[in-house]
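Working notes, structure below.
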Amino acid sequence: MTDQPTEVSPIADAAKPPVAADRAAFQAELDRLRIREKAHTREGDAIAAARRRLPMVEVDPRTPLTGPDGEVPLIDLFAGRSQLIAYFHMWHTGHSAAHQCEGCTFSTSQVTELGYLHSRDVSYAVLAEGPYEEVSRYRAFMGYPVPWYAVPRESVDRLIAGRHFGVLACYLRDGDQVFETYWTTGRGNEVMAPSYGLLDLTVYGRQETWQDVPEGWPQRWGSKGGQFRLDGRPSAQWSRLAAGRDDDLGSSATP
């Protein structure tokens, strides 16, 4: 088992589930599992209901960020809507695209269609830790359609507030005031990544070493960042390179 495979390869000679006697036997087992799945869904609904009842904390609406037209206050990111979801993207200033945060790339690469959020009066933006010149080139290289902004040094404490980049946060606008209503990080960010939800439905799952799997199941990925990289880069970058996109970030150094 390795933390980071260097190429995509088929799963060969792995153990397989037992074969059901017929479809009726298969469905009977699935029906038993479905009871637990429905309970899990209902508990998720209950947690979301509690989340909606949390208190909120005020944030300076004039906190400056940097966008394509220069400085812009936080409140403008709402684009006239009442709510905002922001992902705080880690950044390694002066490093190449290949050495940017694999976990943040994994998450942000899967949020592409904002129409459904907009229909609920919710805006979305990525707030990156690095200089706008670099992060905007990364956005262009990756082909991200969502808005990206850079967080200047003087704005970090106002927004991060003792946490770290990699945070997913929700905000509410009330007139000229802005409030933070929720935040999460780590595995809480998995809501951004339908790839994981889909993999969890498959027989071999995420193929990561921490998962509870039967004997002989493939576990080819670790959990320290390598699960998001392939052959030395965040996995999603390879398709962009194959499409001929330029990954030059204008960086001052390349590790």
Side-chain angles (χ1 to χ4, degrees), residues 1-14 87-112 126-151 156 160 163-168 185-200 202-211 213 217-255:
M1 293 182 294
T2 64
D3 189 57
Q4 184 186 321
T6 57
E7 61 181 11
V8 178
S9 59
I11 298 171
D13 301 324
Y87 181 75
F88 289 83
H89 197 295
M90 296 179 185
W91 192 259
H92 305 301
T93 301
H95 290 217
S96 68
H99 290 84
Q100 294 307 323
C101 179
E102 62 272 12
C104 292
T105 298
F106 172 77
S107 297
T108 54
S109 293
Q110 298 179 69
V111 181
T112 57
V126 174
L127 277 56
E129 190 175 7
Y132 186 76
E133 292 74 15
E134 286 187 17
V135 301
S136 62
R137 289 190 184 194
Y138 194 64
R139 178 189 179 229
F141 165 57
M142 295 299 296
Y144 293 145
V146 305
W148 273 53
Y149 299 87
V151 182
V156 171
I160 295 299
R163 296 167 291 187
H164 55 77
F165 279 79
V167 167
L168 180 65
T185 191
R187 293 198 63 187
N189 292 348
E190 287 183 9
V191 296
M192 303 170 66
S195 292
Y196 263 171
L198 292 172
L199 285 169
D200 284 343
T202 68
V203 68
Y204 293 136
R206 304 180 188 190
Q207 302 167 47
E208 295 177 8
T209 54
W210 64 270
Q211 289 195 285
V213 299
W217 253 233
Q219 291 179 285
R220 306 188 293 179
W221 304 87
S223 58
K224 300 183 182 299
Q227 71 271 38
F228 304 128
R229 300 182 76 87
L230 189 66
D231 199 15
R233 282 180 174 267
S235 303
Q237 291 185 4
W238 288 109
S239 62
R240 277 71 174 183
L241 290 170
R245 294 182 188 170
D246 184 0
D247 70 343
D248 179 13
L249 305 181
S251 307
S252 59
T254 303

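All residue numbers in this chain count up from 1 along the given sequence.
Using modelled atom types and a 3.5 Å distance limit, the side chains of Gln237 and Thr105 yield no donor-acceptor pair.
For an aromatic pair to be called close, the ring centres must be under 6.0 Å apart, and Trp91 with Phe165 fails this.
Judged by distance alone, with hydrogens and angles left aside, the side-chain atoms of Gln211 form a donor-acceptor pair with the main-chain N or O of Arg206 at under 3.5 Å. Using a distance-only test at 3.5 Å, with no hydrogens or angles considered, a donor-acceptor pair links the side chain of Arg163 to the main chain of Ile160. Between the Gln227 side chain and the Gly225 main chain, a donor and an acceptor come within less than 3.5 Å of each other. In this structure, Ser109 contributes its side chain and Ala236 its backbone to no donor-acceptor pair below 3.5 Å. Looking only at distances, a side-chain donor or acceptor of Gln219 sits under 3.5 Å from a matching main-chain atom of Glu208. Of the possible polar contacts, one joining the Arg245 side chain to the Met142 backbone as a donor-acceptor pair under 3.5 Å is found. Listed for the Asn189 side chain is a donor-acceptor partner under 3.5 Å among the backbone atoms of Gly166. The main-chain N or O of Leu199 is found under 3.5 Å from a side-chain atom of Thr202 such that the two form a donor-acceptor pair.
Across Gly130 and Ala150, no two heavy atoms sit closer than the pair O-CB, 3.2 Å. Scanning all heavy atoms of the two residues, the minimum distance from Ala14 to Ile11 falls at CB-CG2, 3.4 Å. Residues Cys104 and Met90 share a closest heavy-atom pair of SG-N, 3.3 Å. Counting all heavy atoms, side chain and backbone alike, Ala128 lies closest to Val135 at CB-CG1, 3.5 Å.
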Given Thr112 and Val146, is the side chain to side chain contact (heavy atoms under 4.5 Å, CB included) satisfied, shown in steps?
CA-CA 6 Å; Thr112 57; Val146 305; 5.7 Å; no
List the steps and the verdict of side chain to side chain contact (heavy atoms under 4.5 Å, CB included) for Arg139 and Thr108.
CA-CA 10 Å; Arg139 178 189 179 229; Thr108 54; over 6 Å; no
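Put simply, the side chain of Thr93 reaches to within 4.5 Å of the side chain of Pro131, judged on heavy atoms.
Among Tyr149, Trp148, Tyr144, the one residue that satisfies the ring pair (Phe, Tyr, Trp, His ring centres under 6.0 Å) test with His89 is Trp148.
Distance CZ/Arg229 to NZ/Lys224: 16.0 Å, rounded to 0.5 Å. The distance from atom CG of Asp247 to atom CZ of Phe141, rounded to the nearest 0.5 Å, is 4.5 Å. Glu129 CD to Gln100 CD: the interatomic distance, rounded to the nearest 0.5 Å, is 10.0 Å. Note that OH of Tyr138 and CG of Leu249 are 8.0 Å apart. Values are rounded to the nearest 0.5 Å. To the nearest 0.5 Å, atoms CG (Leu230) and CH2 (Trp221) are separated by 5.0 Å. From Arg187, atom CZ reaches atom OG of Ser223 across 10.0 Å, with rounding to the nearest 0.5 Å.
Between Tyr204 and Trp217, the ring planes lie perpendicular to each other; the angle is over 60°, past the 30° to 60° tilted range.
The side-chain tip of Arg233 points at the ring of Trp238 from less than 6.0 angstrom away and within 45° of straight on.
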